[in-house]
*Asks:* 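A single structure is presented below for examination.
Note that ligands are numbered from 1 as they come in the structure, with each ligand's atoms numbered from 1 the same way.
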Amino acid sequence: MSVKKVLVVGGAGYIGSHNCLALAERGYQPIVFDNLTNGHAEFVKWGPLEEGDIRDRARLDEVFAKHQPDAVLHFAALIEVGESVKNPVAFYDNNVIGALTLLSAAMDAGVKAFVFSSTCATYGLPQQVPMDETHAQAPINPYGRTKFIIEQALKDYSTYKGLRSVMLRYFNAAGADFEGRIGEWHTPETHAIPLAIEAALGRREGFKVFGTDYDTRDGTCVRDYIHVLDLADAHVRALDYLLAGGETVELNLGTGTGTTVKELLAAISDVSGRPFPVEYAARREGDSTSLVANNEKARAVLGWEPRYTLHDIIQSAWNWHSRSNHVL
Ligand SMILES: NC(=O)c1ccc[n+]([C@@H]2O[C@H](COP(=O)([O-])OP(=O)(O)OC[C@H]3O[C@@H](n4cnc5c(N)ncnc54)[C@H](O)[C@@H]3O)[C@@H](O)[C@H]2O)c1
Ligand SMILES: O=c1ccn([C@@H]2O[C@H](COP(=O)(O)OP(=O)(O)O[C@H]3O[C@H](CO)[C@@H](O)[C@H](O)[C@H]3O)[C@@H](O)[C@H]2O)c(=O)[nH]1
């Protein structure tokens, strides 16, 4: 059987690069398409890099014609909730126009399987926790809305155009390759775990907790942190599923366990053995109180289950950040 080629769009980024590693380990050939605005050429280690922007249809057509991929994994997007509130135009341009351009190019090139990075941010405020896939989708920030729009397009394209897709609603991606080859490297970094680790390493003055008056067990936001390699495993399974004829489906990817910001900071101090200064600040606009997954559907459809604990997440992230000298 010939090796299946997968176009990994946004594959030079954090989650995309860990997916390339998992694809290569499981017998797929990843081909990265990335404009390198937020990605890193040195993270592209398991296949070729094609530089390009998803809003550039001619460049997409060229790459589809050259590689003729069997499937597409689409990670490329602007990702920060807070930034989406400040600059929604850039988010709609990249996450909606870009994704729709990519989808048209993929369908015209005959691609029949598409895996989309969606997010629990499409749910908005929790009506019940944990949330399953039937939870109302009422995003509370432009980032979540851009992802929700693409989910709706994917459902229409599935019904009316025959493009089968898996929409993976990740909760909070975290952690890194245990061998330290790649890791989380966003510039500027806005995510809680890398920022707290940088504080523990003494590379930042401290960590600011955004909001202590939420209706949660200690007043800080609750999130479901999931290891990036567990996400990658789910993507490979989603590909296997689609290539075997599986129908369009949306699936939560989370552990089912919620952690408050305060609990997260305590766990990071514990793993690192280095306490760091913590400041309590105002809420960050666009943040939901609590986002925790019910992951039963992904378990049932993909036979997937998360393998790594919060401790594994922090330990692997700590290894990556303490060894690497990149600037966040
Ligand atoms: N990090 C999380 O916790 C999280 C949670 C839920 C969903 N997601 C989604 O997962 C995906 C990947 O997130 P990440 O943390 O790896 O982000 P990232 O910024 O590290 O990776 C995104 C990659 O896409 C590339 N890219 C962006 N716009 C592009 C464009 N127009 N054309 C070509 N390439 C482009 C960037 O250069 C980067 O390499 C995103 O779609 C994000 O919305 C992330
Ligand atoms: O300096 C900081 C950074 C974050 N937080 C809090 O930590 C939690 C996690 O924040 P962060 O790591 O920035 O992740 P989210 O804002 O939850 O967003 C991530 O997770 C979403 C899914 O929940 C994805 O869709 C987004 O792409 C991804 O950026 C939130 O309660 C933040 O308010 C702080 O208190 N201080």
*Asks:* Can you pull out the closest protein heavy atom to atom 28 (N) of ligand 1? Residue, atom name and distance to 0.1 Å, please.
*Replies:*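 The closest heavy atom on the protein side is Asn94 ND2, 3.0 Å.
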*Asks:* Relative to each other, are the rings of Tyr170 and Phe75 parallel, tilted or perpendicular (30° and 60° limits)?
*Replies:*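 Rings of Tyr170 and Phe75: tilted, 30 to 60°.
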*Asks:* I'd like to know if the side chain of Arg204 reaches the main chain of Glu198, judged simply by a donor and an acceptor atom lying under 3.5 Å from each other, with no hydrogens or angles considered.
*Replies:*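 Checking the backbone N and O of Glu198 against the side chain of Arg204, no donor-acceptor pair under 3.5 Å is found.
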*Asks:* Testing the basics here: between Ser290 and Met131, what is the closest heavy-atom pair and its distance to 0.1 Å?
*Replies:*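 Taking every non-hydrogen atom into account, O-CE, 4.1 Å.
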*Asks:* What is the closest protein heavy atom to atom 4 (C) of ligand 2, and at what distance does it sit?
*Replies:*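 Sorting protein heavy atoms by distance from atom 4 (C) of ligand 2 puts Ala192 CB, 3.8 Å first.
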*Asks:* Against heavy atoms of Val261, which atoms of ligand 2 measure under 4.0 Å?
*Replies:*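 The atoms of ligand 2 under 4.0 Å from a heavy atom of Val261 are 6 (C), 7 (O), 31 (O), 35 (O).
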*Asks:* Kindly confirm or rule out an N or O of His74 lying under 3.5 angstrom from an N or O of ligand 1.
*Replies:*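 No, since none of the N or O atoms of His74 sits under 3.5 Å from an N or O of ligand 1.
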*Asks:* Which heavy atom of Leu60 sits nearest to which heavy atom of Asp53, and what is that distance?
*Replies:*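 Answer, listing the atom of Leu60 first, then Asp53: CG-O, 4.4 Å.
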*Asks:* Which heavy atom of the protein is the closest neighbour of atom 43 (O) of ligand 1, given with residue, atom name and distance?
*Replies:*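 Looking at atom 43 (O) of ligand 1, the protein heavy atom closest to it is Tyr143 OH, 2.6 Å.
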*Asks:* Please examine the side chains of Ser288 and Ile140, heavy atoms only from C-beta on, and report whether any two atoms are closer than 4.5 Å.
*Replies:*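 Yes. Closest side-chain heavy atoms under 4.5 Å.
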*Asks:* Find all atoms of ligand 2 within a distance of less than 4.0 Å from any non-hydrogen atom belonging to Lys208, and give their numbers and elements.
*Replies:*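 Contacts of ligand 2 toward Lys208, numbered from 1: 1 (O), 2 (C), 34 (C), 35 (O), 36 (N).
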*Asks:* May I ask which of Ile15, Leu195, Ile79, Asp224 has a heavy atom nearer to atom 27 (O) of ligand 2 than the others do?
*Replies:*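 Heavy atom nearest to atom 27 (O) of ligand 2 belongs to Ile79.
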*Asks:* Any non-hydrogen atom of Gly52 lying under 4.0 Å from ligand 1?
*Replies:*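 Gly52: in contact with ligand 1 (<4.0 Å).
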*Asks:* Please write down residue, atom name and distance for the protein heavy atom closest to atom 37 (O) of ligand 1.
*Replies:*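 Closest protein heavy atom to atom 37 (O) of ligand 1: Asp34 OD1, 2.7 Å.
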*Asks:* Tell me which protein heavy atom sits closest to atom 4 (C) of ligand 1, plus the residue, atom name and distance to 0.1 Å.
*Replies:*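 The answer is Ile15 CD1, 3.9 Å.
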*Asks:* For atom 33 (O) of ligand 2, which protein heavy atom lies nearest, and how many Å away is it?
*Replies:*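 Answer, as residue, atom name and distance: Asp287 OD2, 2.6 Å.
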*Asks:* Pairs of nitrogen or oxygen atoms closer than 3.5 Å, one from Ile54 and one from ligand 1: do any exist?
*Replies:*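 Right, the criterion is met.
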*Asks:* Looking only at heavy atoms of Ala12, does any of them come nearer than 4.0 Å to an atom of ligand 1?
*Replies:*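 Under 4.0 Å: yes for Ala12.
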*Asks:* Look only at interatomic distance and state if Lys147 has a nitrogen or oxygen under 3.5 Å from any nitrogen or oxygen of ligand 1.
*Replies:*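 Min N/O separation from ligand 1 is below 3.5 Å for Lys147.
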*Asks:* Minimum heavy-atom separation for Ala293 to Asn252, with atom names?
*Replies:*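 Looking at all heavy atoms of both residues, the shortest contact is CB-CB, 4.3 Å.
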*Asks:* Within a strict 4.5 Å, meaning less than it, do heavy atoms of the Asp177 and His18 side chains meet?
*Replies:*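 Sidechains of His18 and Asp177: in contact.
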*Asks:* If you measure from each non-hydrogen atom of Thr190 to ligand 2, which part falls under 4.0 Å: side chain, backbone, both or neither?
*Replies:*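 Just the backbone.
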*Asks:* Which option, Phe33, Phe91, Phe75, owns the non-hydrogen atom nearest atom 12 (C) of ligand 1?
*Replies:*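 It is Phe75 whose heavy atom sits nearest to atom 12 (C) of ligand 1.
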*Asks:* Among Ser117, Cys120, Pro142, find the one that has a side chain to side chain contact (heavy atoms under 4.5 Å, CB included) with Lys147.
*Replies:*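 Going through Ser117, Cys120, Pro142 one by one, the side chain to side chain contact (heavy atoms under 4.5 Å, CB included) with Lys147 is satisfied by Ser117 alone.
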*Asks:* Mind checking whether Tyr170 has an N or O less than 3.5 Å away from an N or O of ligand 1?
*Replies:*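 N/O-N/O distance under 3.5 Å: no.
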*Asks:* Do the rings of His135 and Tyr123 sit parallel, tilted or perpendicular, given the 30° and 60° boundaries?
*Replies:*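 Judged by the thresholds at 30° and 60°, the geometry between His135 and Tyr123 is perpendicular.
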*Asks:* Answer yes or no: does an N/O atom from Asn38 fall short of 3.5 Å to an N/O atom of ligand 1?
*Replies:*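 N/O-N/O distance under 3.5 Å: yes.
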*Asks:* Counting only nitrogen or oxygen atoms and a 3.5 angstrom limit, does His40 reach ligand 1?
*Replies:*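 Not met; the criterion fails.
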*Asks:* Check Leu201 against Ser322 and note the closest heavy-atom contact, atom names and distance.
*Replies:*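 In terms of heavy atoms, the two residues are closest at CD2-CB, 3.8 Å.
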*Asks:* Considering only non-hydrogen protein atoms, determine which one is nearest to atom 19 (C) of ligand 2 and report residue, atom name and distance to 0.1 Å.
*Replies:*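 The closest one turns out to be Asn172 ND2, 3.7 Å.
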*Asks:* Report the member of His186, Arg284, Arg223, Glu285 with the shortest heavy-atom distance to atom 11 (P) of ligand 2.
*Replies:*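 Answer by nearest heavy atom: Arg284.
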*Asks:* So, the side chain of Asn172 versus the backbone of Ala174: is there a donor-acceptor pair under 3.5 Å, distance only?
*Replies:*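 Not at all, since once roles are kept as given, no pair shorter than 3.5 Å links the two residues.
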*Asks:* Take Asn319 and Ser316 through the side chain to side chain donor-acceptor pair (under 3.5 Å) test and state the conclusion after the steps.
*Replies:* CA-CA 5 Å; Asn319 292 346; Ser316 61; over 6 Å; no
*Asks:* So for ligand 1, is Leu78 a polar contact partner (N or O within less than 3.5 Å, distance only)?
*Replies:*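 In this structure, Leu78 places no N or O atom under 3.5 Å from an N or O of ligand 1.
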*Asks:* What heavy-atom pair brings Val3 and Asp70 nearest, and what distance separates the two atoms?
*Replies:*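 In this case the closest contact between Val3 and Asp70 is O-OD2, 4.4 Å.
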*Asks:* Tell me: protein heavy atom nearest atom 22 (C) of ligand 2, and distance?
*Replies:*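 The answer is Cys120 SG, 3.3 Å.
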*Asks:* At what distance is the nearest protein heavy atom to atom 18 (P) of ligand 1, and which residue and atom is it?
*Replies:*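 It is His186 NE2, 3.8 Å.
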*Asks:* Under a 4.5 Å cut-off applied to non-hydrogen side-chain atoms, are Ile226 and Pro306 in contact?
*Replies:*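 With C-beta onward as the side chain, the pair touches.
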*Asks:* Which residue holds the protein heavy atom closest to atom 20 (O) of ligand 1, what is that atom called, and what is the gap in Å?
*Replies:*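 Looking only at protein heavy atoms, the one closest to atom 20 (O) of ligand 1 is Tyr14 N, 2.9 Å.
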*Asks:* Of Phe64, Phe33, Phe116, which meets side chain to side chain contact (heavy atoms under 4.5 Å, CB included) against Leu102?
*Replies:*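 One option only clears the test, and that one is Phe64.
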*Asks:* Name the closest protein heavy atom to atom 30 (C) of ligand 1, giving the residue it belongs to and the distance to 0.1 Å.
*Replies:*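 Answer for atom 30 (C) of ligand 1: Asn35 ND2, 3.2 Å.
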*Asks:* To which protein heavy atom is atom 25 (O) of ligand 2 closest, and what is the distance rounded to 0.1 Å?
*Replies:*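 Of the protein heavy atoms, Thr119 OG1, 2.6 Å lies nearest.
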*Asks:* Please examine the side chains of Thr101 and Asp56, heavy atoms only from C-beta on, and report whether any two atoms are closer than 4.5 Å.
*Replies:*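 Answer no - side chains too far apart.
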*Asks:* Looking only at heavy atoms of Ser118, does any of them come nearer than 4.0 Å to an atom of ligand 1?
*Replies:*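 It does, in that a heavy atom of Ser118 comes within the 4.0 Å cut-off of ligand 1.
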*Asks:* For residues Val261 and Phe207, determine if any side-chain heavy atom of one lies less than 4.5 Å from a side-chain heavy atom of the other.
*Replies:*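 Val261 reaches Phe207 side chain to side chain.
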*Asks:* Checking a contact table here: which protein heavy atom is nearest atom 31 (O) of ligand 2, and how many Å away?
*Replies:*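 Answer, as residue, atom name and distance: Cys221 CB, 3.0 Å.
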*Asks:* Any idea which of Ala77, Ala173, Gly16 brings a heavy atom closest to atom 27 (C) of ligand 1?
*Replies:*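 Selected option, by shortest heavy-atom distance: Ala77.
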*Asks:* Just to confirm my output: which protein heavy-atom neighbour is closest to atom 5 (N) of ligand 2, and how far is it?
*Replies:*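 Here the closest protein heavy atom is Phe210 CD1, 3.7 Å.
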*Asks:* Just by distance, do the side chain of Arg59 and the backbone of Glu51 share a donor-acceptor pair under 3.5 Å?
*Replies:*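 Yes; at least one donor-acceptor contact below 3.5 Å.
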*Asks:* Can you find a pair of side-chain heavy atoms, one from Asp34 and one from Phe43, that are under 4.5 Å apart?
*Replies:*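 In short, these two side chains do not touch, never coming nearer than 4.5 Å.
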*Asks:* Students should be able to answer this: which protein heavy-atom is nearest to atom 28 (C) of ligand 2, and at what distance?
*Replies:*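 Among all protein heavy atoms, the one nearest atom 28 (C) of ligand 2 is His191 NE2, 3.4 Å.
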*Asks:* I'd like to check which ligand 2 atoms, numbered from 1 as shown, lie under 4.0 Å from a non-hydrogen atom of Val209.
*Replies:*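 Near Val209, the atoms of ligand 2 are 35 (O).
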*Asks:* Could you tell me whether Ile79 and ligand 1 have an N or O pair separated by under 3.5 Å?
*Replies:*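 Between Ile79 and ligand 1 (N or O atoms, distance only) the closest approach is not under 3.5 Å.
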*Asks:* Using a 4.0 Å cutoff against the non-hydrogen atoms of Leu291, which atoms of ligand 2 qualify?
*Replies:*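 Going through ligand 2 atom by atom, the ones under 4.0 Å from Leu291 are 23 (O).
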*Asks:* Where does Leu36 meet ligand 1, judged by heavy-atom distances below 4.0 Å: at the side chain, the backbone, both, or neither?
*Replies:*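 Backbone only; the side chain of Leu36 stays clear of ligand 1.
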*Asks:* Tell me which one of Tyr280, Tyr225, Tyr170, Tyr123 gets a heavy atom nearest to atom 9 (C) of ligand 2.
*Replies:*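 When every heavy atom of Tyr280, Tyr225, Tyr170, Tyr123 is considered, Tyr225 comes closest to atom 9 (C) of ligand 2.
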*Asks:* Please list the nearest protein heavy atom to atom 5 (C) of ligand 1 with its residue and the distance rounded to 0.1 Å.
*Replies:*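 Result: Phe171 O, 3.4 Å.
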*Asks:* Rounded to the nearest 0.5 Å, how far apart are CD of Glu133 and CG of Asn295?
*Replies:*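 It comes to 8.5 Å.
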*Asks:* Fit a plane to each ring of His191 and His186, take the angle between them on a 0 to 90° scale, and name the class: parallel (under 30°), tilted (30 to 60°) or perpendicular (over 60°).
*Replies:*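 Judged by the thresholds at 30° and 60°, the geometry between His191 and His186 is tilted.
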